[in-house]
Trainee: 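I have a structure I would like to understand better, so I am pasting it below and will then ask my questions one at a time.
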Amino acid sequence: MIALLMRDLTLATRAGGGFGLGLAFFLILCTLVPFGVGPQGGTLALIAPGILWVGALLACLLSLDRIFALDHEDGSLDLLATSPIPLEGVVVLKAAAHWLTTGLPLVVAAPLFGLLLHLPAAAAPWLILSMLIGTPALSMLGAFGAAITVGLRRGGLLLSLLVLPLYIPTLIFGAEVIRRGAEGGSTVTPLAFLAGITAAVLALMPFAAAAALRVNLR
Amino acid sequence: MIALLMRDLTLATRAGGGFGLGLAFFLILCTLVPFGVGPQGGTLALIAPGILWVGALLACLLSLDRIFALDHEDGSLDLLATSPIPLEGVVVLKAAAHWLTTGLPLVVAAPLFGLLLHLPAAAAPWLILSMLIGTPALSMLGAFGAAITVGLRRGGLLLSLLVLPLYIPTLIFGAEVIRRGAEGGSTVTPLAFLAGITAAVLALMPFAAAAALRVNLR
Amino acid sequence: MIELGKYAGTVLAAYGVSLALLVGVIWQTLAANARARRALEAQEKNG
Amino acid sequence: MSIWEYANPVKFMRTSGAILPWAVAGAALCTVSGLVWGFLTPEDYKQGSTVKIVFIHVPAAMMAINIWVMMLVASLIWLIRRHHVSALAAKAAAPVGAVMTLIALATGAIWGQPMWGTWWEWDPRLTSFLILFLFYVGYIALWSAVEDPDSAADLTGWLCLVGSVFALLSRYAVLFWNQGLHQGASLSVAEGERMSAVYRYPLYLSMLGFFLLFVALLLIRTRTEIRRRRLAALQAREARA
Amino acid sequence: MSLVAVRDLAVARGGMRAVEGVSFTLDKGEALILRGPNGVGKTTLLRTVAGLQPPVAGEVVMADDSVAYAAHADGLKSALSVTENLRFWARVFGRADINAAIAAMNLGGLVDRPAASLSAGQKRRLGLARLLVTGRPLWVLDEPTVSLDADSVGLFAAVVRAHLAGGGAALMATHIDLALDEARVLDLTPYRAKPGKAETPAGFNEAFA
Amino acid sequence: MSLVAVRDLAVARGGMRAVEGVSFTLDKGEALILRGPNGVGKTTLLRTVAGLQPPVAGEVVMADDSVAYAAHADGLKSALSVTENLRFWARVFGRADINAAIAAMNLGGLVDRPAASLSAGQKRRLGLARLLVTGRPLWVLDEPTVSLDADSVGLFAAVVRAHLAGGGAALMATHIDLALDEARVLDLTPYRAKPGKAETPAGFNEAFA
Ligand code: HEM
Ligand SMILES: Nc1ncnc2c1ncn2[C@@H]1O[C@H](COP(=O)(O)OP(=O)(O)OP(=O)(O)O)[C@@H](O)[C@H]1O
Ligand SMILES: Nc1ncnc2c1ncn2[C@@H]1O[C@H](COP(=O)(O)OP(=O)(O)OP(=O)(O)O)[C@@H](O)[C@H]1O
Ligand SMILES: [Mg+2]
Ligand SMILES: [Mg+2]
């Protein structure tokens, strides 16, 4: 099983694998927003938690189609489905690889981008913590969306449409953690919800995603 | 030539053609931002022009890969390249079809989404005007990006990285028009820049895009 | 004519938009049904 | 007769054909009379004539939710028992549900302008309807994007399942995020605060009307889907022969 | 005991039965070539035997984990080297040794080349090596020689023959002649599904036709 | 005068010459079949003749607008009907009449069907009809019969023969036998490019080799 994870990580870091593209997109988005919103530090600081989370969502989103589509096209998915690894396991491993190559770099880089948006320093640890807890759910939900759309040519926009609404609870609690953290309030409740959602998603979605994959392999 | 435009429009409106997906994505984005930023009307009104423009950019962006990729995959592009229509004409027509199916609906729907973000009523006409003038440039620049990435499998994220920086001037002046319009200031300068960019892009990019297509057809 | 008071615009707009949307789905439903019925009949006649 | 037998397309066509005229007549009668009666009710002392909007707003809002629940049930029947008409009924219901959601949103927004002084407020009730609308749009888009009907039925079924959970989850998240302006459900509130009978009876009538309207539309649309599938099936058989 | 026994199998594609009533068994060392015109259902049958889609009727009896499936797409990553590609599939299938496969396919000189830089014939050899590292006895191959030249086809036949000699079995679909004379041939044309109501429809197209 | 004259042509793929020194002419009514092992450069040569990529050396002489190119992909949109597909291509090529093509390909009963619902053979016929509506005299076809069954191959040969009889010409690459006996065959193997410095490198791989 570990072989699959390692291969996906290797592929992502090879030329053309797209490692770092998500980060670059995140960066562009964080620079676009001040252009659109105007450079006033006060406004930016106010909206920074939201923009950072929305940016992470979108950066995640745009790399989702790589989760299964490449393996579908070159036939790897057929072979993986006939391999000893259960399809649910394949889903989990692919989501994990996606998180390691997209989610984790975002978590690490987010405080830096927070600086661009004048995020108060007090909020930075909460930013990292909330993204660390929340982004795995993004990858797993994304894997479900990718499994549903794997057979479609050019399903990118549809994928966004299906996945973004599923991201809403994570987004709400994630941004709330940062906001309360910045104000020095109690972050226990939103953090607990965030962790609960991630745990439930990680426990249940592999089955839904594997079911969708089976339909699309048919 | 008109045949190509008509076919693209027909295809977009048929089942699976993706018409309206861009609009739905725009709507989702306008919903996500308040979740991240918080529901206060005042903050939202402040950032609304920027968010609306960034949303339009992204909605455009995510539908770009349809411009050439489908025709490339099914061989239509090869045949179009050997047809009597010059490749520059093909680019213009495809960009026009993209604008009609993605940009124009965004322009029409933008005031409605402005309501969601508490955009002041005074700004609505400026919103429409700036998007009407600016979005054709988005489609044309997008066609250039799509031409560059047409041969790549799953080039979605790369496409975003190439195209978004090209969108920055349009974004800046577009958002500025709305902001000044909302405050009752003079919008002449940013409008002139916006129109100038669009005119220049429409005049020059077809050649660049056609050159990129020729390379990718090789 | 009944009196709507100062909110006439609001009430009429609400009814207008809603009825337009309802008529929209109803019309679309009937049109699609008629089209499907015709296409099916043509096919069953030829095939 | 078990309800499963309705899944047999031929039987469904026959039974639905028999029910349809009654559903159409009932829908027309109740909707029109409910709305007209509602339109003729006297002004509310607080809300003025805008109270008349409730006769569209509430039935539409109610149906918006109920239709999604019906789609969930139909999807489950398809996923578990594989009754084809069930999947088609879920598909047929979605656009009606989306329109009902739109009506609730539009009337609410128009109503909000005089009452709250704003077209749109990020109130939990309103926001969760917006989210419900997004789920409808995604569901419809997925149906139209997948060419193979068997895959489309399965995939949309799973999406409906997952979407239902997340629509509910979003509702609680939104409540946590923002307390709102919208009034609670008054039909169920204690006797003293109940909506006066002047408004209650026309409201019941138009709720029944909207429900019957949905039934009628659902039957017609399901019949359309069945015809389309039959046409495609005949063509597919010919192509293969 | 036979490696695989297919009994009265009906398979569906696009919501309709393609072929029905197909039965055969494959023992160690046997090969079966499926033939039939375009669209008769060869690909569908192979995918069903490989377990990628459920049968509509009938059954496929075999030991767990005995199939290795291959279609045109080879499951090779062009960014990875020959060794990396093979080692990955070997580990997925729970095996460690790839040297035997490399030697058998005469890939020794290419081990560090990225798959992208291989010629079509070399790619095909790598694809066959991938089948070897699965260690699975039953090969299910869909048009394995499409757009290969005569030399590559000969190479392919030799590999299949070696697999059979080693106690494996192979089930393939192809339009062209493979020069595998020991293989039995099953023409699917007579098994084409008859239109007509079946009690459990295979999908929408049958339920509504 | 000949429809196309190819003189001393060298073509490149992946930054390296594939074949060089190829010359031939095609007159009205002539067909030429390119053969050669995988990767020799058939596809590349065809795309160069069709004008999709520039030659490295030599020249392709023909009248403007005389080529219709077709590879495996047919350029058909599955969401459009048979008529819509054909009419589109006819209008792009500045022609109006599609009835002749429909009649020639025996597509009359299918005009309103979406292309998605056609069988493989019917799709192929539609693809050939698309060649007809271009009105171009020179057909350049890359492996036009890949994974087609014998019947469809026969149909294809008949259409090409009719095109030749009508004053057209055809240039094709294929591995299998097309039963087009009147066609000349050109094996590209002897023209394989020799490694060695050419004065103008074909691309990075040659410039730095
Ligand atoms: C777009 C915005 C709105 C949405 C999505 C919305 C949604 C709903 C829903 C779902 C219900 C049904 C409640 C139930 O019976 O459980 C409802 C009821 C109601 N809404 Fe709204 N609403 C919106 C805006 C408004 C506005 C602006 C007003 C007026 C100020 C309003 C007044 C009412 C009233 C009076 C009821 C009846 C409550 C009852 O008796 O059940 N709504 N709305
Ligand atoms: N995506 C699809 N949707 C609907 N029907 C399909 C699809 N793909 C194939 N079919 C139909 O399923 C049947 C069986 O197809 P299958 O691919 O198994 O045939 P095959 O024998 O492998 O043909 P070929 O020789 O062309 O590879 C055919 O009649 C075909 O028309
Ligand atoms: N994308 C590519 N990048 C680099 N080199 C390539 C690429 N595609 C093909 N080549 C190389 O170019 C040469 C010519 O390929 P071409 O496709 O023209 O051969 P072909 O004769 O059509 O082969 P086939 O019979 O397999 O279709 C081959 O040596 C091949 O390795
Ligand atoms: Mg096949
Ligand atoms: Mg070739």
Side-chain angles (χ1 to χ4, degrees), chain B residues 10-48 51-52 55 59 62-63 65-66 70 73-74 101-102 105 109-124 127, chain D residues 91 95 98 101-102 105-106 108-110 112-113 116-149 151-152 155-156 163 166-167 169-182 225 228 232:
Chain B
T10 317
L11 282 174
T13 48
R14 290 277 162 93
F19 182 77
L21 288 185
L23 215 54
F25 178 80
F26 196 25
L27 174 62
I28 296 190
L29 218 68
C30 291
T31 321
L32 288 183
V33 167
F35 288 141
V37 169
Q40 301 79 10
T43 318
L44 286 176
L46 212 58
I47 61 172
I51 300 301
L52 286 170
L62 284 178
S63 48
D65 59 353
R66 294 189 158 252
L70 291 177
E73 283 164 16
D74 69 12
T101 54
T102 313
L112 226 63
F113 298 147
L115 285 184
L116 290 183
L117 297 176
H118 294 276
L119 186 77
L127 173 65
Chain D
K91 180 185 184 189
T101 316
L102 261 185
L105 284 171
I110 294 171
Q113 174 60 19
W116 304 338
T118 168
W119 292 101
W120 182 262
E121 198 51 58
W122 291 95
D123 165 278
R125 180 72 76 63
L126 280 56
T127 307
S128 35
F129 259 63
L130 192 55
I131 295 173
L132 181 61
F133 182 66
L134 294 178
F135 277 108
Y136 272 120
V137 171
Y139 180 88
I140 295 168
L142 185 59
W143 258 113
S144 75
V146 183
E147 272 178 33
D148 177 41
S151 310
L155 296 173
T156 53
F166 274 80
L169 196 59
S170 303
R171 169 139 183 84
Y172 288 109
V174 164
L175 269 173
F176 175 83
W177 170 69
N178 188 20
Q179 271 71 39
L181 303 163
H182 197 285
E225 291 299 334
R228 284 191 184 147

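Residue numbers begin at 1 in each chain, while the letters A, B, ... track the order of the sequences.
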Trainee: Do the side chains of D/W122 and B/L116 get nearer than 4.5 Å, heavy atoms only?
Mentor: yes

Trainee: Checking D/L142 against chain B: side chain, backbone, both or neither under 4.5 Å from a heavy atom?
Mentor: neither

Trainee: Sort by residue number and list every member of residues 25-35 of chain B having a non-hydrogen atom under 4.5 Å from chain D.
Mentor: B/L27, B/I28, B/C30, B/T31, B/P34, B/F35

Trainee: To the nearest 0.5 Å, what is the distance between CG (B/L112) and CH2 (D/W120)?
Mentor: 10.5 Å

Trainee: Hey, is the main chain of D/E121 close enough, under 3.5 Å, to the side chain of B/H118 for a donor-acceptor pair?
Mentor: no

Trainee: Residues in salt bridge (charged side-chain N to carboxylate O under 4.0 Å, His left out) with D/R228, at least two apart?
Mentor: D/E225

